[in-house]
Amino acid sequence: MNGGAHRPPKPGRRPKVALIATAGLAASGAGAWALAARGEGPSAPAANDAIPTAAATVARRDLVDREDVEGTLGFAGRPAVAAAEGGTLTRLRPEGARVPRGRSLFSVDGRAVAYVLYGDVPMYRDLHAGVADGPDVRQLERNLAALGFAINTNRGQTPDGHWDAATTAAVRRWQRARGVTRDGVVRRADVVFTGGAVRVGEHRLAVGDPVRPGAPVTGLTSTRRLVTARLDAARQSAVHRGDAVSVTLPDGRVVAGGVTRVGRVARAGQDGAAATVELRVALRGRRAGAGLDGAPVTVSVAVGRTRDALSVPVTALVATAAGRYAVEIVGRSGARHLVGVTTGAYAGGYVQVAGRLRAGTRVVVPR
C-alpha cells in the first residue's frame, strides 16, 4: 500500500498534472480521479488545481449493496369464492371493489350471501344452537362483537367458542339488522371467512347466470398492492422476508416497500439466463401505486451489507498507479497531501478504505 505523506515539490517547480483513465478504474467502477505527475515520479502532492474541489469527511457507515430487479405491480390473489347453494346470480359486486367485514359479495335468488367476516378457519359447517364447540364458533363470536353484536353473558363478553343462548341472541340481532329471517342459524352460504378486507377480482359468472353449489362465482385478491418480481437465485440467501426495499413506479416516483416472500424453488432461465426465484414485495401506504394495476416497476433490493465500514465518497479516490489508490487529506492548516489506501466494498457512492486514516478526517472530492 502506498501510505504516508508525499514529498512536496521544490520551490519554483509546479508539477504538471493531467487526468488519465486507467484499466483499474474501469474495472472497479470507482470513477476516481487520476494523477500523472511529470518530473515528480508516480506520487503527486495534490490533485489538479484546475478541478473545482470540496471537502468530505471520512466516516464509519453501513455500506449496502443494492440490486435492481424488474417487477409487476398488482394484487395477491386468493381462492375464488364458490356458491354454497344453487339458484340464479342476481347481484355481484364490481371487479376491483373493496369489501370490508360485514358486507356481502353477491346475491343468489335475491338473497345477499357470502358476507365477509375475518378469520383463518373456513366456513365448513352451518353454525347454530347445539353445534360442537370449536374455533369457528369463537371466530364468529369475535366478528359479531366487532360488528356491534356482542355476546352478552353473565361471564362477560369474551368469545369462548361455545354456542349458548347468548350466541343465538347475538346472531338474531345481526339477522334483524340485515333484514333476514331471525332464526339464529348461520349457514355456510351466509359467510366467507377471510384474513381481512378483500378486493373483488375476476368474475367467474355474470348476473343472471345459473349458479350450481360449489361453482366459483368470483375471484378475490388482497387489498394491498403487491409487486411480483424474479430474483437471481444466487441472491436468494441474501434477501429475507421483512427486508425494506424501494420501488420505482413508472412515473419515476419512489415508494417504500417490504419483502413478503422469497421463493424457495428456482426456475431455470431461458436462453442461458440465470435461474430465478419469485420475489414478492408489499408497498407501504394504502395509496401507494394507486391506479397502476399491472404496471412495470423496478425494485431495489439490498443483497449485501458491510457494517461499520470506514469509508469515503468514491469520488475521493485518486488513482496513483494501476490498481493503486490514495485520498487527498486536508490538514488543519489547509495543507493537502496524499495518503495511500486499500479499497474494500463499494455501495451507494461510497467505498470502504483502509490506511492511515481515521473517522473525522477531511478529504478532497471534486465538486
Side-chain angles (χ1 to χ4, degrees), residues 25-32 61-79 95-96 195-196 198-199 201-202 219-309 311 313-315 343-352:
L25 286 174
S28 70
R61 54 176 57 84
D62 290 350
L63 298 183
V64 182
D65 185 20
R66 309 193 74 86
E67 180 173 305
D68 290 343
V69 295
E70 302 305 315
T72 303
L73 182 61
F75 294 87
R78 298 173 182 265
E95 294 178 355
V198 293
R199 173 182 173 273
E202 181 181 1
L220 293 181
T221 74
S222 69
T223 58
R224 198 172 189 179
R225 286 171 177 80
L226 191 77
V227 175
T228 304
R230 304 298 304 182
L231 177 70
D232 190 324
R235 301 289 201 182
Q236 180 187 37
S237 61
V239 183
H240 308 90
R241 181 177 179 180
D243 285 356
V245 301
S246 59
V247 179
T248 303
L249 304 178
D251 59 6
R253 286 183 297 139
V254 178
V255 297
V259 174
T260 60
R261 183 177 185 273
V262 180
R264 295 177 178 236
V265 179
R267 178 193 297 173
Q270 297 181 350
D271 301 326
T276 60
V277 294
E278 184 183 58
L279 177 71
R280 292 186 182 180
V281 171
L283 301 188
R284 309 291 193 201
R286 178 174 292 183
R287 299 300 301 167
L292 295 174
D293 300 354
V297 297
T298 301
V299 183
S300 181
V301 185
V303 294
R305 184 184 297 270
T306 304
R307 298 186 182 278
D308 197 34
S311 55
V314 171
T315 54
T343 59
Y346 289 84
Y350 290 89
V351 57
Q352 183 181 17

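Closest non-hydrogen pair, G263 versus Q236, comes out as O-NE2, 2.5 Å. Considering every non-hydrogen atom in both A345 and T306, the closest pair reads CB-OG1, 3.4 Å. Contact record, V239 with A302: CG2-O, 3.9 Å, taken as the closest heavy-atom pair. Listed here is the closest heavy atom pair of G201 and T221: CA-CG2, 4.3 Å. P313 approaches Y350 most closely through the heavy-atom pair N-CD2, 3.7 Å. In this structure, V297 and T72 approach most closely via the heavy-atom pair CG2-N, 4.2 Å.
Partner of V227 under the side-chain contact (heavy atoms from CB on, under 4.5 Å) criterion, out of V259, V245, V247: V247 alone.
Applying the side-chain contact (heavy atoms from CB on, under 4.5 Å) criterion to A275, with sequence neighbours excluded, gives A233, A266. In this structure R261 satisfies the salt bridge (Lys or Arg N to Asp or Glu O under 4.0 Å) test together with E278, sequence neighbours excluded. Legend: residues meeting side-chain hydrogen bond (donor to acceptor under 3.5 Å, both in side chains) with R66, ordered by chain and number and at least two apart, are S300. For E67, the side-chain contact (heavy atoms from CB on, under 4.5 Å) partners two or more places apart in sequence, or in a different chain, are V69, L231, D232, R235, V303. With sequence neighbours excluded, no residue satisfies side-chain hydrogen bond (donor to acceptor under 3.5 Å, both in side chains) with S222. The side-chain contact (heavy atoms from CB on, under 4.5 Å) check on T343 picks up L317, Y325, Y346, V351, with sequence neighbours excluded.
Q352 places none of its side-chain heavy atoms less than 4.5 Å from the side chain of R61. Using a 4.5 Å cut-off on side-chain heavy atoms (C-beta onward), T298 and E70 make contact. L279 is listed as a side-chain neighbour of V262, based on a closest heavy-atom distance under 4.5 Å. Side-chain contact between F75 and R225: present, with at least one pair of heavy atoms (C-beta onward) separated by less than 4.5 Å.
Counting non-hydrogen atoms of neighbouring residues, nucleotides and ligands closer than 6.0 angstrom, the CD atom of E95 exceeds 12 such neighbours.
From T248, atom OG1 reaches atom CZ of R253 across 11.0 Å, with rounding to the nearest 0.5 Å. Once rounded to the nearest 0.5 Å, the distance linking CZ of R267 with OG1 of T276 reads 6.0 Å.
D62 places a side-chain N or O within 3.5 Å of a backbone atom of D308 that can act as its donor or acceptor partner.
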